[in-house]
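Side-chain atoms are counted along with the backbone in the values below, which use heavy atoms only and exclude waters and symmetry mates. None of these values were measured; they are calculated from a predicted model.
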Amino acid sequence: MASLNNLFTSPVKVINVGLASFFADLKSQGVTAVQVDWQPPAGGNAKVAALLDRVRRWQTLVRAGKE
Amino acid sequence: MIVRHRIKPQTYFDSVTLMLIGTELKKMAGVGNAVVGMGTDYNIDSLKRLDMYSTEFDAVTPADLVLAVQATDATVADAALTAAEDLLKRRKAKSGPGASYTPTSQEGGAKQLPDANMVVISVPGQFAARETEIALEAGRHVMLFSDNVSIDDELRLKEMAVRRNLLVMGPDCGTAIINQVPLAFANVVKPGPIGLVAASGTGLQEVTALITRLGSGITQAIGVGGRDLSEKIGGRMTLLAAQALADDPQTKVIVLISKPPAPKVVEALFAKLKAVGKPVVVYFIGADPQTITKAGFQAAANLEDAALQACRLAGGKALRPLLADDEIKARAAAVTLPGRHLRALYSGGTLCDEAQRLLQGTLPEIWSNTPVAGCKNLDDPFQSKGNCIVDLGDDTFTRGRAHPMIDPAYRQERLVKEAADPEVGMIAFDVVLGFGSHPDMAGEMAAAVRQARQQSGRSPVFAATILGTEGDPQNLAKQQTTLADAGVVTFPSNVSLVKFIQHVFARKG
């Protein structure tokens, strides 16, 4: 896990989720970055998205328990 | 006027792209209004408010693209809708096939860049908390540019981040500089000994740019979002960031910029800052500086003063403002007001706020859409009266339109309108450079100034502050020349612009 002060001593590497112009700005500066061409989760269906979130949280907890 | 609609199911584009296309449509002859946006509750409400809603929109989701055009007749409306679709197709072609695979989820992005340490999130507010949570779960810091995130979500996410020793910069955080990398709306600064924490985007831009122009530099500039020092959030990110700067051996001086914190938060904040063991400059916008000096910190009187004090503490010698008072007075003496009122058209909220506070002693009455204590609320933000200082970046103006730092169209229109008012003597504005901002705002504003003079036959004084550094992609010197060539008097800080206004209007009164 990256601690806060590790952040200050390591190169910034970015996952850009959303506005493509932010990604273009980062690339123009030579920053290591990846663009996510974001789409609303579950095709915009809020109920399905909430269900998927519950599954994801559960998986995270299980993973944390194993570590 | 008639209204025509189209729906593109399961087609997503980001809000800036869509708003800029909406602006293009509004420029077409015969088009009264145009909305191009995702089917979010917010956009659907806007359509209803604008009388552009259709029952066809009843079943749309935030994953569907909606287009609505109000026009003189059906042919014009259909032509506009087709033009919009063409623009969108071209947009897709640019980022689409042919390029290497672009992931469509954060998890997909993480597979491509597994050692990423920062996630910048600018998705619609209702999805932003979810993306933040995914980033934090994976141990990554977050810059949360999105707004419309509930304060309950903000608290939950920041508690989660603090437990993991991770940053959540935001929500509604426009500016950060981490290890010299400007994120979102930020300037290219020099490295140096000053670290900043701010709950104000433009405030952070102004102070970091001025520090660079004064010859010093920045370690980190951490935005925390405007609500961080509220009672509910309790300064969670400000405290974490201040501790990180305290622990950072490169940071010798710390600057904190915020609206006055909730009383319950001040005590914890001051206790943390006292334990830092480094000089701290505090600027609580609009608060009594004595509460800060009494607590043992350096109180700044304004944004420029915060930069000057930080540089002095970092370099050990007193510095002068970038523009001497005598020079400001000389510039003021050289102009004549053709009317008695000021109209200031800001794109930066904190700069607008600062101008209102500093000009209250000079101007008898100030109207604003975002009035500070002592100023008056403008009933119709789209119609100025008297002395008026307007924040065009406020939500009222950005519904269905990109922020004025990106899209100059409304500010240009407003400037031309203000110039035609026989009562107007001076029009002031800000030009914010740096990443995120328009590539040539000075050029756009210079064109508006020329048009205003030509159409009105009047010559009000035009004055502007340019927020930026030599390293910014727009080229500071070139932006200054562009404005000067159009007869705009330019200033290197908002405070120097305000002093100019004070001298000109005090003389007249």
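- For the options A:Gly18, A:Ser21, A:Pro40, heavy-atom pairs under 4.5 Å to chain B are most numerous at A:Pro40.
- Scanning both residues, A:Val12 and B:Ile178, for their nearest heavy atoms gives CG2-O, 3.5 Å.
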Trace of the salt bridge (Lys or Arg N to Asp or Glu O under 4.0 Å) decision for A:Arg57 with B:Glu137: CA-CA 9 Å; A:Arg57 282 188 198 127; B:Glu137 281 169 358; 5.0 Å; no
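- A salt bridge does not link A:Arg56 to B:Glu107: none of the charged nitrogens lies less than 4.0 Å from a carboxylate oxygen.
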Walk me through it: do A:Leu4 and B:Leu166 pass the test side-chain contact (heavy atoms from CB on, under 4.5 Å)? CA-CA 6 Å; A:Leu4 197 45; B:Leu166 293 168; over 6 Å; no
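- Heavy atoms of A:Gln35 lying under 4.5 Å from chain B belong to its backbone as well as its side chain.
- Contacts of B:Leu183 with chain A are made by side-chain atoms alone, with heavy-atom separations under 4.5 Å and no backbone atom involved.
- Residue B:Leu144 does not touch chain A at all, counting heavy-atom pairs closer than 4.5 Å.
- How far CD of B:Gln220 is from CZ of A:Phe8: 4.5 Å, rounded to the nearest 0.5 Å.
- Judged purely by atom type and a 3.5 angstrom limit, A:Asp25 has no side-chain atom pairing as donor or acceptor with the backbone of B:Phe435.
- Using modelled atom types, one side-chain atom of B:Ser122 and one backbone atom of A:Leu19 make a donor-acceptor pair closer than 3.5 Å.
- A donor-acceptor contact closer than 3.5 angstrom is absent between the side chains of A:Trp38 and B:Gln106.
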B:Phe145 and A:Phe22: ring pair (Phe, Tyr, Trp, His ring centres under 6.0 Å), yes or no, with the steps? CA-CA 11 Å; B:Phe145 180 80; A:Phe22 291 167; 4.9 Å; yes
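- The two atoms that bring B:Gly109 and A:Val36 nearest to each other are CA-CG2, 4.0 Å, heavy atoms only.
- Atom CD of A:Gln39 sits about 8.5 Å away from atom OG1 of B:Thr11, to the nearest 0.5 Å.
- B:Thr102 approaches A:Asp37 most closely through the heavy-atom pair CG2-CB, 3.6 Å.
- No side-chain heavy atom of A:Ile15 sits less than 4.5 Å from a side-chain heavy atom of B:Val120.
- Neither the backbone nor the side chain of A:Ala24 comes within contact range of chain B; no heavy atom of the residue lies under 4.5 Å from a heavy atom of that chain.
- A donor-acceptor pair under 3.5 Å is formed between the side chain of B:Asn179 and the backbone N or O of A:Ser10.
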Pair B:Asp115, A:Lys13 - check side-chain contact (heavy atoms from CB on, under 4.5 Å), show working. CA-CA 7 Å; B:Asp115 59 344; A:Lys13 295 184 181 180; 2.6 Å; yes
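- More than 12 non-hydrogen atoms from other residues, nucleotides or ligands lie less than 6.0 angstrom from NZ of B:Lys278.
- The minimum heavy-atom distance linking B:Pro182 with A:Leu26 is given by the pair O-CD2, 4.1 Å.
- Between chain B and the options A:Val14, A:Thr32, A:Val31, A:Asn16, the largest number of non-hydrogen pairs under 4.5 Å is found for A:Val14.
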